[in-house]
Chemist: 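Please find one structure pasted underneath; my questions will follow.
Along the sequence shown, residues are numbered consecutively beginning with 1. Scope of the values below: all heavy atoms of this structure, side chains included, with no hydrogens, waters or symmetry mates.
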Amino acid sequence: MEQSEKREHKAREEREIEVSSIGKAFVKGTHVEFTYHRHRFTGVIEKQLRNSAILNFDPEFDHTNTAIDLKQKIVISYQKMKAIE
C-alpha cells in the first residue's frame, strides 16, 4: 500500500459514523441478546454502525457452528437486538 492510500484508509477509519436514534442505546460494550436463524445468542457490541452493530459472540457460544462459521463476529440490526444486564 502506498503512502497516500494509507492516509486515505486511515481517514476513512477515523470518520465518525452517525448512529441512528434506535442505535444510541447500544453503545460499545453493551451486552445484548439476538436471534440468528431461529437460535438465541448473546454477545457484546464491538462497534456501532448506522443501523446495526458488529457483535462478538459470548464465550458460551464459541464452539457453535454459527459462531465458528462467522469467525466469532456478526452484524445485527439494532431492531433485532435487546440489551441485557
Chemist: By ring-ring contact (aromatic ring centres under 6.0 Å, His included), which residues pair with Y78, not counting sequence neighbours?
Modeler: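 For Y78, the residues satisfying ring-ring contact (aromatic ring centres under 6.0 Å, His included) (neighbours in sequence not counted) are F26.
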Chemist: Okay, side chain of Q48, backbone of V19: is any donor-acceptor separation there less than 3.5 Å?
Modeler: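 Not confirmed, Q48 side chain does not pair with V19 backbone.
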Chemist: Suppose clustering is done on Ile, Leu, Val, Met, Phe, Trp and Tyr with side-chain heavy atoms closer than 4.5 Å. Which residues sit in the same group as V44?
Modeler: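 When side chains under 4.5 Å apart are linked, V44 ends up in no cluster with other residues.
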Chemist: Apply salt bridge (Lys or Arg N to Asp or Glu O under 4.0 Å) to R40 and list each qualifying residue two or more places apart in sequence or on a separate chain.
Modeler: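 Scan of R40 (salt bridge (Lys or Arg N to Asp or Glu O under 4.0 Å), adjacent residues dropped) gives E33.
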Chemist: Using distance only, find each side-chain donor-acceptor pair of residues 62-70 under 3.5 Å and give its atom names and separation, not counting sequence neighbours.
Modeler:
from: T64; atom 1: OG1; to: F61; atom 2: O; distance (Å): 2.8
from: T64; atom 1: OG1; to: A67; atom 2: N; distance (Å): 3.2

Chemist: Only counting residues at least two apart or in another chain, list the ones meeting salt bridge (Lys or Arg N to Asp or Glu O under 4.0 Å) with K28.
Modeler: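 By the salt bridge (Lys or Arg N to Asp or Glu O under 4.0 Å) rule, K28 matches no residue at all.
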Chemist: Are I84 and I76 connected, step by step, through hydrophobic side chains (Ile, Leu, Val, Met, Phe, Trp, Tyr) whose heavy atoms are closer than 4.5 Å?
Modeler: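 No, I84 and I76 fall in different hydrophobic clusters.
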Chemist: Please round to the nearest 0.5 Å and tell me the distance separating atom CD1 of I74 and atom CZ of F41.
Modeler: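 Rounded to the nearest 0.5 Å, the CD1-CZ separation comes out at 7.5 Å.
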Chemist: Between OG1 of T30 and CE of M81, what distance do you get to the nearest 0.5 Å?
Modeler: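 So the OG1 of T30 and the CE of M81 are separated by 9.0 Å.
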Chemist: Output a table of donor-acceptor pairs, distance under 3.5 Å, between side-chain atoms of residues 52-60 and any protein atom two or more places apart or on a different chain; print 'none' if there are none.
Modeler:
from: N56; atom 1: OD1; to: K73; atom 2: NZ; distance (Å): 3.3
from: N56; atom 1: ND2; to: E46; atom 2: OE1; distance (Å): 3.0
from: D58; atom 1: OD1; to: H31; atom 2: NE2; distance (Å): 3.3
from: D58; atom 1: OD2; to: H31; atom 2: NE2; distance (Å): 2.6
from: D58; atom 1: OD2; to: T42; atom 2: OG1; distance (Å): 2.5

Chemist: I need the minimum non-hydrogen distance between N51 and S20, along with the two atoms involved.
Modeler: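 Scanning both residues completely, I find the closest heavy atoms to be OD1-CB, 3.6 Å.
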Chemist: Would I45 and Y36 show up in the same hydrophobic cluster when neighbours are defined by side-chain heavy atoms closer than 4.5 Å?
Modeler: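 Yes: a chain of side-chain contacts under 4.5 Å links I45 to Y36.
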